Amino acid sequence: MAEAHPVGFQWVMEAKRRGATVIHVDPRFTRTSAVADLHVPIRAGTDIAFLGGLIHHVLETGAYFEEYVRAYTNGPMLLREDFADTEDLDGLFSGFDPETGSYDTETWQYAGMTATSSAGDRDLDVHEAERGQMPGSGGAPIATDPDRDDTMQDPRCVLQVLRRHYARYTPEKVHEICGIPVETFRRVADALVENSGRERTSAFAYAVGWTHHTVGVQYIRAASVLQALLGNIGRPGGGILALRGHASIQGSTDIPTLFDLLPGYIPMPHAHRDQDLATFIEANGGTKGFWGDLDAYVVSLLKAWFGDAATPENDFCFDHLPRLTGDHSSFRTVMDQAEGKVPGYFVIGENPAVGTANARMQRHGLAQLEWLVVRDLNMIETATFWKNGPEIATGEMRTEDIGTEIFFLPAAAHTEKDGTFTNTQRLLQWHHKAAEPPGDCRSDLWFYYELGRRLKARVAGSDDPRDRPLQDLTWDYPVDGTGEPSADAVLREINGVDGEGKALPGYTALKADGSTSSGCWIYCGVYADEVNQSARRRPGAEQDLLAPEWGWAWPMNRRVLYNRASADPDGRPWSERKKLTWWDGERWAGPDVPDFPVDVPPDYVPPRDARAAKAIGGAEPFVMQSDGRAWLHAPAGLADGPMPTHYEPEESPVGNALYGQRANPARQRFERADNPYHPEPGTPGAAVYPYVFTTFRVTEHHTAGGMSRWTPHLNELQPEMFLEVSPELAAERGLTHGGWAHVVTARSAIEGRVLVTERAKPLRHGDRVIHQIGVPWHWGPNGLSTGDAANELLGVSLDPNVHIMETKAATCDIRPGRRPRGPELVTYLADRRRQAGLEEEQR
Amino acid sequence: MSAPEHRTATGAPRRRHGGGRGKGRGERLMVPEAEFTSYYGRPIIKPPVWKVPDVPAYLYLGGLAGVSAPLAALADLTGRPGLRRLGRIAAAGGATASVGFLVHDLGRPTRFLHMLRVLKVTSPLSVGSWILAPFGALSGATAAAEVLGVTPRLARASGLAAGALGPALTTYTAVLVADTAVPAWHEGFRELPFVFAGSALASGGGAGLLAPGDVTPARRVAVAGAALELAATAVLERRIGFAAKAYRTGRAGTVLRAARAGTVAGALGALASGFLRGRRGRALGAVSGLLLNAASAATRYGVFEAGMASARDPEYTVRPQRERLEARRSG
Amino acid sequence: MNPVNSLSGPLADPAADAGYAAGHPPRVGFFTDTSVCIGCKACEVACKEWNALPADGVGDHGAAGDVLGLTGMSYDNTGGLGASTYRHVAFVEQRVPARDSAPVDLGMPSTDLPGAVQPGADREDATEVRWLMSSDVCKHCAHAACLDVCPTGSLIRTEHGTVLVQEDICNGCGYCIPACPYGVIDQRQGDGRAFKCTMCQDRLGAGLAPACATACPTESIRFGPLDELRERADARLAELHDRGVGEARLYGRDPDDGVGGDGAFFLLLDEPEVYGLPPDPVVTTRDLPSMWRHAAGAALAVAGAVAAAFLGGRR
Ligand SMILES: Nc1nc2c(c(=O)[nH]1)N[C@H]1C(S)=C(S)[C@@H](COP(=O)(O)OP(=O)(O)OC[C@H]3O[C@@H](n4cnc5c(=O)[nH]c(N)nc54)[C@H](O)[C@@H]3O)O[C@H]1N2
Ligand SMILES: Nc1nc2c(c(=O)[nH]1)N[C@H]1C(S)=C(S)[C@@H](COP(=O)(O)OP(=O)(O)OC[C@H]3O[C@@H](n4cnc5c(=O)[nH]c(N)nc54)[C@H](O)[C@@H]3O)O[C@H]1N2
Ligand code: SF4
Ligand code: SF4
Ligand code: SF4
Ligand code: SF4
Ligand code: SF4
Ligand SMILES: [Mo]
């Protein structure tokens, strides 16, 4: 966190100053480890075993927050008789179909309620996983009350199922799998338990060290289970903090650049399932909780987009929305490109030729396009692959053979335009333009506005029905003298207005009758009282601890989600020290905006036919969940299991010490000649790639380097691609500090200068020593400081829920000296693959 | 690309007293177990940016000129025209060349004028500039008169004035180098003026040996200077503790050993030349004089190098300071 | 002629010592608490940006190197303070006795796969890795050798009690460079003049804090009136000692030290030299009076020797 989120890390340091214990779990000893109270080195890709060990510890020692668990989690719920656990099926849950490599999740449901069926047709190639993207991850609506045992003793209740699931995750097992000494593990467990409960809370912070795995979502689930057991959610100082990436990556999931979501996490309609608005709402809205008002959110969104053209009669132009017909995720698209199925591509604020796993495949895809638009601040590799990409050097591509027409459009940087960033804390912060963009650089807002304007002009006279959406689109932002649209006006449109054109105060004001509009329901309120709330800058020192007048947090400027959980079922704070939101006899009070209908008393029991917010019981804090509870076991919404289970990464040097099933059975793999995977551990070929490598960031550089590799003041600080190895590995492979070495996988080989450091530590796994190599991934061929890109090394294998690539754990070899150059590289790699027994297999 | 010397990024090597890189380190072991650590072996202080040969030459020429001037002035008063003429020219030539080297080191001639913006007694370079500038003017005028053969009375006056300033010119340069954080120089601030004085006398006297006519005073000056230099150097090396190593080892050590040999040989030669008559005595005197000048230049260069070496190796900065600190703590 | 400021000893008010009238602003400085430094180098970059300094890679002094080169000195690729690096973050990797953590048990591997070797014997169980980071800067000494020795008056004491190079007056004589006991000030290649931290004089004038302190996310760099900083530092030291961090110590805080107390002082977690700082620096001009006395004595010896040489008859 100190490396990649140094500004946010100031608060960790502040907490430490006030006595907090900081524990850093990372395969590498980083700047974070340097200031942590304890660094726990872990074998990359094994955190579920570690977190599972902590869950085991908490359950077996009875250290969980029992009242919280009983009242606020699904611990007491009973599961169906036919549910089978990984303990029963040697690493699989019930419902697995080896044919499709996916789960039918029906048996994961609670007992005593109607199982939900997936309505409508399903395109075969749409992964079952899209259900994970459904509202609130709450999955399908829960219509009836499930059976439950509030003593949590019933063997079929979630808590007992959980206990059995983690029974073998003992400290010794954790040691064996993760390489964490039993003593160290105990220290972590004790610190966590001591610092949880009524009086104290602990928080987990994570970023892509947890997500970039074929089990990434389950990592976070494991932390959620632990935090729910310890009562650390919805309470000050608790929670799970997703440290986001790019400055507004949170914003770009809220108002998404993702293929399967509409703004505010509304699912993208499906071509065959969601024929009309009513069906769509029926299938995707919950009956209970805030998703119960999905109709209001969707109608308001359509009103924002299509204005007066959206009427009740035409389903508010619901038909204008594009539809999913299959998997259109990034990697699928790139593979389609490589197969010549994609004519054109926009790359905006991204540098996939360096930044995405299997970069070679990315470039092969780009080379098959008819046209490519790249908008960037600098002349990034994605725009120059045709002349200086690695394949040109190896002879695998020839410039004259590449037919892609490339348009490079210079973009304005964030400092050169107005707008908001949405950060990790869901906080929108306005930034003012500080300088004019140089030369022809223009903001992305200008670009899209212009593009839209011109497209609209072009289809203005058309009577082709397919042009109707464009014709109906409202596209009327005020522009300044340079033609730059007002970002402020866009924010106000996102906030939404009522029938009289006044800015709405918040999403509870949204209506399904077409009288309100809002570009993103969760952002509704950011322009409340006609004030750009995100531009508020009242210093923290002038406010209370939550500083509600600094920027604006969605939803409703709430700073702590699920804060109703900071009080007991009767509405009294669990402790004076940790009080945040409580029932004062009339309403929910406290410094934060209550995450609860303010006037619903703690003892409120909703009538059977209540819907949406009214269906939330007075003691059900998890208002986004269909049952108001935190899920220890997820009965729906996940593609790869209801409870986190330890699986090895796609590539690891060892087998699974717990189950016969080695890796996540539902992970997304792509068996293709251009995406070879390493042999299974234990097979003879595996020894060709005996080491683990993990890719990482350094503070001095940013992602694929588009911004940092052109900046002299950053390049002098971290001037060259390097490889972090332990002295032991250096000795084993004859690597010298400061000298060159190259890392080899079945995909490619890259070189860097060797940094031999005792910060890198070999770990023990059973009777083996595992060496882990740290590979920063910021370099590429362009800019002031150039070097090989780490993503040449990685293959593509994905988490099945969110399609994220596994960049944090794979296998490789490392050799002294520079890598072969030119065509020799190709033969070198092929030789190694042949040694590993891969070449025949894959060709 | 600069190849790192260390084997890993972890753990800058700790050098122990007495152990590590050879002998001669543990002689003043005041605090047992003290270790020498550094930041990747990088220097703590910044080595001077002064260039070779500019600054060693500046030091040497200042000495030569500073002794030549009074030698000439007294030769003038005592009626030794050969010595007078040579001394006057050496003083002016030395001063001019020395300013030339200084300007070269500064990069731009106008920058020398900045030196005369203020007079700062806390800055030996300022004080030195204020000595060098009038000295240069006076000795220049004297030499001009000498060469042109005009205004002998004025020349005598200006020669006397230059001669009065001369001794200061010979020793302020010692303060110049000693008033730095360079261990080998600063630690020797008491002895260095005498080393420089001796070296200057040896060179000035040595130069005088080249003059026609009676050169007895020059011979005496040369021999006395050599003796003073040798004695002062011996004291310096004995008294400055660990920093003395800089004068004994490396390039500085080699140069200084050669300088010492030259000084001894030159002084003996000069002495002997006094006992030989006629051409042979004169020739020996001249050779000895040149040798003494070479030795004097070498001494300045050696001292310069010793300083540079002690600035580049952090141990020179750290060890004495650490010992001082530990002594203070335990005392 | 400049007023002669005092050369050594405790000095309550360097600005007054340099001749500023009463009512000048208080002496300001930095307290850099390295125990909370995360090595982000924001200070280094902010300084370069604000002062429009060129990138200089491996330092224009000392270690040879091209502009963009890996030094191998952990994550430090700038090497040290220099004419274009007024803030420098040091990275020290150490093997130290373990605090109280259990060692990583590497066991005795038994297979002969490439990973299966006996790890180095030097990884003793009782040790752990420590990574110290520290942001260094000009100390703005109460008795600043650089200032004292500057022949041109280019280096001055400001009204804030800091030490400033006036670029237009510096003549590149380089005297200040070896005079500084901390190796701070340096000559810029190709320019010849000397440069160092200005304490952001231009910002102070505008009521702003220095760029480096403003950028520091963890408040490792604290800027303010020196008196307040010293109090804060004492409190922080006590706090750390209470928490068992016995190795914490203040460096440069003490007005009784060899430079009369630093305007920029530090809380360190190891000996100063580990970070590249001199353990017991002394302003060289402390000894200047004695130097002048010795030089005068030696000059008299020269004069005496020359005069004496003329005594007695001629041959
Ligand atoms: N300076 C800087 N800041 C950045 C960025 C940048 O490029 N540079 N990028 C931004 C972006 S886009 C993002 S997404 C974030 C990412 O921020 P981070 O996730 O913090 O960045 P990484 O360095 O990729 O990965 C973090 C750590 O995960 C560790 N790790 C690897 N495998 C495992 C594992 O299996 N378990 C555990 N526990 N740890 C593991 C790595 O060793 C590494 O230290 O940073 C953002 N901030
Ligand atoms: N091996 C490995 N690969 C990884 C990761 C990893 O940890 N390991 N991390 C992954 C993660 S988390 C991420 S987020 C991705 C990031 O990977 P990419 O998004 O592909 O890489 P960036 O370099 O962040 O690309 C952003 C580009 O946007 C440009 N830019 C900046 N501001 C603007 C703007 O306002 N407008 C426009 N049009 N352009 C702008 C920048 O110059 C830069 O070139 O990489 C992923 N790749
Ligand atoms: S670059 Fe921006 S987002 Fe990243 S740490 Fe710094 S301030 Fe935060
Ligand atoms: S640290 Fe050096 S440069 Fe800075 S004021 Fe002191 S003597 Fe001058
Ligand atoms: S280099 Fe400049 S600042 Fe330094 S002493 Fe010389 S004139 Fe003064
Ligand atoms: S005070 Fe200003 S000049 Fe000095 S280091 Fe900080 S930013 Fe740089
Ligand atoms: S002093 Fe502050 S800004 Fe500088 S590296 Fe340390 S934490 Fe970062
Ligand atoms: Mo990211």
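What you see is a predicted model, and the numbers here were worked out from it, not measured in a lab. Just so you know, these numbers use all the heavy atoms, side chains as well, and skip hydrogens, waters and symmetry mates.
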(request) Could you check which of C:V283, C:D76, C:N171 has the highest count of heavy-atom pairs closer than 4.5 Å to chain B? (result) C:N171

(message) Main chain of C:V163, side chain of C:K196: is a donor-acceptor contact present, judged purely on distance under 3.5 Å?
(response) yes

(request) Select one option (side chain, backbone, both, neither) describing which atoms of C:D168 are under 4.5 Å from chain B's heavy atoms. (result) backbone

(message) I'd like to check C:F310 versus B:L83 (side-chain heavy atoms, cut-off strictly below 4.5 Å). Are they in contact?
(response) yes

(request) Sort C:P281 into side chain, backbone, both or neither according to what part of it lies under 4.5 angstrom from a heavy atom of chain B. (result) both

(request) Heavy-atom distances under 4.5 Å only: say whether C:L277 touches chain B with side chain, backbone, both or neither. (result) backbone

(message) At a 4.5 Å cut-off on heavy atoms, which part of B:A178 comes close to chain C: side chain, backbone, both, or neither?
(response) both

(request) Between chain C and each of B:G204, B:A73, B:A75, count heavy-atom pairs under 4.5 Å; write down the option with the most. (result) B:A75

(request) Give, as side chain, backbone, both or neither, the part of B:L201 having an atom under 4.5 angstrom from any heavy atom of chain C. (result) side chain

(request) Quick one: which residue pairs count as a side chain to side chain donor-acceptor pair (under 3.5 Å) with a foot in residues 183-203 of chain B, not counting sequence neighbours? (result) B:H186-C:T284, B:H186-C:D287, B:E191-B:R239, B:S199-B:S296, B:S199-B:R300

(request) Among C:E44, C:R87, C:H88, find the residue that satisfies the side-chain hydrogen bond (donor to acceptor under 3.5 Å, both in side chains) test when tested with C:S135. (result) C:R87

(message) Run the ring pair (Phe, Tyr, Trp, His ring centres under 6.0 Å) test on C:W131 and C:Y75 for me, step by step, so that the C-alpha distance in whole Å, both residues' side-chain angles and the decisive distance to 0.1 Å come before the verdict.
(response) CA-CA 10 Å; C:W131 204 8; C:Y75 278 7; 5.1 Å; yes

(message) Run the side-chain hydrogen bond (donor to acceptor under 3.5 Å, both in side chains) test against B:H114 and tell me which residues pass, sequence neighbours left out.
(response) none

(message) Can you tell me which of C:A303, C:P278, C:A194, C:C170 forms the most heavy-atom pairs within a distance under 4.5 Å of chain B?
(response) C:P278

(message) Measuring centre to centre across the rings, with the benzene-like ring taken for any Trp, is B:W50 within less than 6.0 Å of C:Y175?
(response) yes

(request) Keeping the roles fixed (side chain from C:W292, backbone from B:V121), state whether a donor-acceptor pair exists under 3.5 Å. (result) yes

(request) Would you sort out whether B:L176 and C:V149 count as a side-chain contact (heavy atoms from CB on, under 4.5 Å), showing the intermediate values? (result) CA-CA 9 Å; B:L176 180 73; C:V149 304; over 6 Å; no

(message) Is C:C150 close to chain B through its backbone or its side chain, or both, or neither, when contacts mean heavy atoms under 4.5 Å?
(response) both

(message) What part of B:R312 gets within 4.5 angstrom of chain C, counting heavy atoms only: side chain, backbone, both, or neither?
(response) neither

(request) Give a yes or no answer on whether the side chain of B:E229 reaches the backbone of B:G198 with a donor-acceptor pair at less than 3.5 Å. (result) no

(message) Go through it in stages, so that I can follow the logic: the residues are B:R117 and C:T152, the test is side chain to side chain donor-acceptor pair (under 3.5 Å), and I'd like the CA-CA distance, side-chain angles, deciding distance and then a yes or no.
(response) CA-CA 6 Å; B:R117 263 187 87 241; C:T152 61; 5.3 Å; no

(request) Among the options C:P181, C:P289, C:P272, C:G258, pick out the one with the most heavy-atom pairs lying under 4.5 Å from chain B. (result) C:P181

(message) Report which part of B:S129 has an atom under 4.5 Å of a heavy atom belonging to chain C: side chain, backbone, both, or neither.
(response) neither

(request) Count the heavy-atom pairs under 4.5 Å between each of B:A311, B:P124, B:G66 and chain C, then report the option with the highest count. (result) B:P124

(request) Examine distances only and state if a side-chain atom of C:R130 and a backbone atom of C:V96 form a donor-acceptor pair shorter than 3.5 Å. (result) no

(message) Under a 4.5 Å cutoff for heavy-atom pairs, which residue among B:T317, B:L325, B:L74 has the most contacts with chain C?
(response) B:L74

(message) Quick check for you: among B:G163, B:A218, B:P167, B:A168, which has the greatest number of heavy-atom pairs under 4.5 Å with chain C?
(response) B:P167

(message) Only pairs of heavy atoms separated by less than 4.5 Å count here; which of C:G192, C:A90, C:A305 has the most with chain B?
(response) C:A90

(message) As an exercise: rank C:G172, C:A301, C:A145, C:S290 by heavy-atom pairs under 4.5 Å with chain B and give me the winner.
(response) C:S290

(message) At a 4.5 Å cut-off on heavy atoms, which part of B:A232 comes close to chain C: side chain, backbone, both, or neither?
(response) neither

(request) Name the option with the most non-hydrogen atom pairs under 4.5 Å to chain C; the candidates are B:I45, B:V175, B:L71. (result) B:V175

(request) Please state whether the side chain, the backbone, both or neither of B:V127 comes within less than 4.5 Å of a heavy atom of chain C. (result) side chain

